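Side-chain atoms are counted along with the backbone in the values below, which use heavy atoms only and exclude waters and symmetry mates. Sequential numbering from 1 along the given sequence is applied to the chain's residues. Quick caveat, the model's predicted, so the values are computed rather than measured.
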Amino acid sequence: MSDKVRIATASLAGCFGCHMSLLDIDERLIELVAHVEFDRTPLTDIKQIGHCDVGLIEGGVCNAENVEVLKAFRQHCNLLVAVGACAINGGIPAMRNQYSLTECLEEAYLHGSGIDQPQIPNDPELPLLLDQVHPIHDVVWVDYFLPGCPPSADTIFTFLDELLSGKPIQFAYRQIRYD
């Protein structure tokens, strides 16, 4: 049995920028891989989550599938981390919250420019949309919040490095200053 820390990641409603910041750790990924084992992530292409020490979630919660994924992560992860503005406050996806779901769907599929065959999709394969986009802490308990849009690679690395080494998590001012 491995003594490495198991980490899983997921992207809900967002742009995938936080995962890109994780990849921007560059050669430090090799250092990280010496201490961690990745479970469900785009890096492994594993679709189901097993028991994990840390779950990193980016994106807001906009549909029933996001709720299921988030609840599975909370159930299987000892620590859950909200990564980025979308996970923490709904971010850009939550901009639709000022409109009703009906208004959003009609604008996108019926009245939008360039629509050839107006029709709101209705397929059982599509996840049911929620009336509003929610930050993940509206749905499950979150242990850590890692702000930014996206958080920088240095900030993500500092967080993981200090978490894995058991140190208090402290960021340099430049890592958490947003202009």
Side-chain angles (χ1 to χ4, degrees), residues 6-24 36-151 155-156 159-160 178:
R6 287 182 62 85
I7 295 178
T9 69
S11 181
L12 306 178
C15 69
F16 213 72
C18 296
H19 272 84
M20 296 309 295
S21 276
L22 178 65
L23 293 176
D24 284 344
V36 303
E37 180 179 351
F38 287 104
D39 188 76
R40 179 193 164 163
T41 73
L43 298 171
T44 61
D45 202 28
I46 295 172
K47 304 296 186 215
Q48 300 298 320
I49 184 169
H51 176 76
C52 290
D53 300 295
V54 180
L56 304 171
I57 302 286
E58 75 167 292
V61 183
C62 76
N63 63 45
E65 181 182 12
N66 292 163
V67 172
E68 289 175 28
V69 167
L70 192 52
K71 287 182 176 181
F73 265 71
R74 180 71 274 178
Q75 181 181 359
H76 290 90
C77 297
N78 296 339
L79 297 174
L80 197 63
V81 183
V83 181
C86 294
I88 293 171
N89 62 26
I92 298 294
M95 289 177 71
R96 79 165 167 92
N97 289 352
Q98 63 185 317
Y99 304 101
S100 72
L101 182 56
T102 299
E103 289 173 307
C104 292
L105 292 172
E106 287 177 354
E107 178 63 26
Y109 294 105
L110 301 180
H111 310 301
S113 62
I115 303 293
D116 290 333
Q117 299 176 349
Q119 174 182 342
I120 295 175
N122 184 15
D123 188 307
E125 292 292 318
L126 296 174
L128 180 65
L129 291 173
L130 303 178
D131 287 338
Q132 293 201 318
V133 176
H134 298 274
I136 69 171
H137 67 270
D138 278 1
V139 179
V140 298
W141 175 260
V142 173
D143 299 289
Y144 291 97
F145 295 85
L146 193 54
C149 184
T155 302
I156 293 172
F159 174 80
L160 290 173
Y178 306 101

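A distance of 10.0 Å separates CZ of Arg40 from CG of Asp45, quoted to the nearest 0.5 Å. Distance CG/Leu129 to CZ/Arg96: 5.5 Å, rounded to 0.5 Å. Atom CZ in Phe73 sits 7.5 Å away from atom CG in Asp39 (nearest 0.5 Å). Of the inter-residue distances, the one linking Gln98 atom CD with Gln132 atom CD reads 10.5 Å to the nearest 0.5 angstrom. The CG atom of Asn63 sits 9.5 Å away from atom CG of Leu126, with the distance rounded to the nearest 0.5 Å. The structure places CD1 of Ile88 at 14.0 Å from OH of Tyr144, a figure rounded to the nearest 0.5 Å.
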Side-chain donor/acceptor pairs under 3.5 Å, residues 102-124, sequence neighbours excluded:
| from | atom 1 | to | atom 2 | distance (Å) |
| --- | --- | --- | --- | --- |
| Glu103 | OE1 | Ser100 | N | 2.8 |
| Glu103 | OE1 | Ser100 | OG | 3.3 |
| Asp123 | OD1 | Glu125 | N | 2.7 |

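With contacts defined as side-chain heavy-atom distances shorter than 4.5 Å, the pair Cys77/Ile49 qualifies. Side-chain contact check for Leu22 versus Glu58: every heavy-atom pair is 4.5 Å or farther apart. With a 4.5 Å cut-off on side-chain heavy atoms, His19 and Pro42 count as touching. A 4.5 Å side-chain heavy-atom check between Ser11 and Cys18 finds every atom pair outside the cut-off. Contact annotation: the side chain of Leu160 approaches that of Ile7 to within less than 4.5 Å [non-hydrogen atoms, C-beta and beyond].
Using modelled atom types, no side-chain atom of Thr44 and backbone atom of Phe38 make a donor-acceptor pair closer than 3.5 Å.
Of all non-hydrogen atoms in Pro151 and Ser21, the two that sit nearest each other are O-OG, 2.8 Å. Between His134 and Leu130 the shortest heavy-atom distance is CD2-CD1, 4.1 Å. Contact detail for Ala13 and Pro93: the closest heavy-atom pair is O-CG, 3.3 Å.
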query: Between Leu80 and Leu70, does a side chain to side chain contact (heavy atoms under 4.5 Å, CB included) hold up when you go through it step by step?
result: CA-CA 10 Å; Leu80 197 63; Leu70 192 52; 4.1 Å; yes

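The pair Arg74-Asp143 meets the salt-bridge criterion, with a side-chain N (NZ, NE, NH1 or NH2) lying under 4.0 Å from an Asp/Glu carboxylate O.
The side chain to side chain contact (heavy atoms under 4.5 Å, CB included) test with Ile57 is passed by exactly one of Val81, Asn66, Val140, Ile136: Ile136.
Partners of His51 under the ring-ring contact (aromatic ring centres under 6.0 Å, His included) rule, at least two apart in sequence or in another chain, do not exist in this structure.
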